Participant: 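To start, I am sharing the structure in question, which I have written as structure tokens.
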Amino acid sequence: MQPELIEELQEKSALHYYESEEYILHVGDQMSFIPIILNGSIKVLRENNEGEELLLYYIEGGDTCAMTLQCCMRKSKSEVKALAIEPSLVLMIPIENMEIWMEKYPSWRAFILQSYHSRMMELLETIDAMAFMKLDERLLKYLIDQAKITGSLELSLTHQQIAEDLNSSRVVISRLLKQLELKGGIQLFRNKIVLSSI
DNA sequence: ACATTAAGTGATT
DNA sequence: AATCACTTAATGT
């Protein structure tokens with residue numbers, strides 16, 4: 001990135017710290033900032049009218065959420081919600097700077113487009129997973145993704161939370177996890193799942 | 001010791 | 001694969 005841009009970034013944007021499990025964004029929130037995740041990780045969820053959630057994708061260090069990019073440029077409200085899954089540092093950039101920087105800095109433009117593209121790819125991936133993969137495969141993928149994101153083979157998750165992310169029910173998840181444990185891929189504990197191999 | 005919450009299980013659709 | 005109804009186990013007060 002150009003040094004000038006970095007300077008402006010530091011000057012115009014605000015740094016925000018989020019605890020694990022803290023919401024960054026709710027459905028319907030008016031967007032006035034573009035978040036860039038510096039470190040930690042965020043998951044982005046879609047919510048239906050009954051308040052059920054579906055995991056869309058994760059955002060990690062150095063990325064932005066494509067959804068918010070859209071919302072910001074149209075000055076509309078958020079269609080998704082975002083939740084920190086570990087302590088995370090987020091850079092909040094006022095939307096006014098978006099358009100200006102898009103023209104002023106090629107590297108900013110490239111960053112936004114690149115980010116948009118990779119978010120899109122991840123969305124396609126989760127669509128594929130829902131359409132073509134059976135739940136047990138999806139679950140395994142979910143566990144592996146989660147391990148990658150948090151950088152740990154020990155996942156602090158309840159079966160209930162997993163069920164919510166995958167839009168399934170706890171009982172089903174419990175049973176599938178049990179099968180995985182019997183096959184030897186994972187070990188189950190209360191509030192914790194340990195992957196033995198990836 | 002009791003209540004609460006997470007996880008396991010059989011039966012039913 | 002989902003739901004119900006119930007049990008068992010772990011944890012907090």
Side-chain angles (χ1 to χ4, degrees), chain A residues 16-29 35 37 39-61 63 65-68 70 77-90 118-198:
Chain A
H16 236 277
Y17 176 78
Y18 291 92
E19 296 289 344
S20 189
E21 301 301 303
E22 191 179 349
Y23 276 101
I24 296 170
L25 200 69
H26 286 276
V27 176
D29 279 2
I37 316 305
N39 58 44
S41 36
I42 309 299
K43 66 181 178 185
V44 178
L45 304 149
R46 174 89 220 198
E47 198 182 42
N48 72 6
N49 354 326
E50 276 97 60
E52 292 169 333
E53 307 176 334
L54 175 68
L55 178 64
L56 294 183
Y57 50 74
Y58 297 95
I59 318 175
E60 287 180 276
D63 265 318
C65 172
M67 296 299 168
T68 48
Q70 268 291 356
K77 289 174 182 167
S78 179
E79 299 283 345
V80 298
K81 57 182 182 179
L83 174 70
I85 56 173
E86 34 180 15
S88 304
L89 214 49
V90 181
S118 52
R119 223 61 32 222
M120 205 52 132
M121 286 301 139
E122 282 172 27
L123 249 188
L124 281 181
E125 226 184 274
T126 75
I127 289 176
D128 281 347
M130 283 195 292
F132 305 127
M133 287 166 68
K134 283 188 266 165
L135 191 51
D136 54 345
E137 295 174 309
R138 265 177 82 199
L139 174 60
L140 195 57
K141 174 172 156 40
Y142 173 88
L143 294 176
I144 293 169
D145 282 351
Q146 193 78 27
K148 271 190 216 151
I149 295 283
T150 58
S152 161
L153 292 178
E154 291 197 8
L155 311 176
S156 316
L157 295 164
T158 66
H159 299 180
Q160 183 64 52
Q161 289 171 349
I162 299 174
E164 283 167 13
D165 280 349
L166 297 180
N167 194 37
S168 176
S169 66
R170 197 228 90 215
V171 219
V172 173
I173 297 298
S174 286
R175 287 191 169 123
L176 291 175
L177 283 171
K178 199 79 212 165
Q179 283 177 29
L180 280 175
E181 186 178 39
L182 292 175
K183 273 193 263 172
I186 61 173
Q187 282 176 280
L188 300 177
F189 303 91
R190 185 180 232 246
N191 290 317
K192 194 169 78 168
I193 298 167
V194 179
L195 313 205
S196 37
S197 58
I198 303 189

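Computation of the quantities below employed the complete heavy-atom set of this structure, encompassing side-chain atoms and omitting hydrogens, waters and symmetry-equivalent molecules. Quick caveat: nothing in here was measured; it's all calculated off a predicted structure. Every chain is numbered from 1, with letters handed out A, B, ... down the list of sequences.
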Participant: Inspect the surroundings of CE in A:Met120 and state if more than 12 heavy atoms from other residues, nucleotides or ligands are less than 6.0 Å away.
Facilitator: no

Participant: What's the closest nucleotide to the side chain of A:His159 if the choices are B:dG10, B:dG8, B:dA6?
Facilitator: B:dG8

Participant: Quick check: closest heavy atoms across A:Leu143 and A:Ile193, and the distance to 0.1 Å?
Facilitator: CD2-CD1, 4.3 Å

Participant: Could you state the atom-to-atom distance from CG of A:Leu180 to P of B:dA7 in whole Å?
Facilitator: 15 Å

Participant: Take atom CG of A:Leu157 and atom C1' of B:dA7, then tell me their distance rounded to the nearest Å.
Facilitator: 14 Å

Participant: Roughly, in whole Å, what's the span from CD in A:Gln187 to C1' in B:dG8?
Facilitator: 18 Å

Participant: Need one value for A:Thr158: base, sugar-phosphate or nothing, where a base atom within 4.0 Å counts as base even if backbone is also close, heavy atoms only.
Facilitator: sugar-phosphate

Participant: Suppose we screen for ring-ring contact (aromatic ring centres under 6.0 Å, His included). Which residues come up paired with A:Tyr18, at least two apart in sequence or across chains?
Facilitator: A:His16

Participant: Tell me: CZ of A:Phe189 to P of B:dG8, nearest whole Å?
Facilitator: 11 Å

Participant: Please give, in whole Å, the distance from B:dT9 P to A:Leu188 CG?
Facilitator: 11 Å

Participant: If I take atom NZ in residue A:Lys178 and atom P in nucleotide B:dG8, what distance separates them, rounded to the nearest angstrom?
Facilitator: 5 Å

Participant: Given that A:Arg175 and A:Arg190 both sit by DNA chain B, which one's nearest nucleotide is further toward the 5' end?
Facilitator: A:Arg190

Participant: Could you pull out all residues at least two apart from A:Asp165 that satisfy salt bridge (charged side-chain N to carboxylate O under 4.0 Å, His left out)?
Facilitator: A:Lys43

Participant: Could you tell me how far apart A:Glu164 (CD) and B:dT5 (C1') are, to the nearest whole angstrom?
Facilitator: 14 Å

Participant: With distance as the sole criterion, is a donor-acceptor pair present between the side chains of A:Glu122 and A:Tyr58 under 3.5 Å?
Facilitator: no

Participant: Verify, without hydrogens or angle tests, whether A:Ser88 (side chain) and A:Ser41 (backbone) share a donor-acceptor contact under 3.5 angstrom.
Facilitator: yes

Participant: Can you give the first and last nucleotides of DNA chain C, 5' to 3', that have an atom under 4.0 Å from a heavy atom of chain A?
Facilitator: C:dA1 to C:dT11

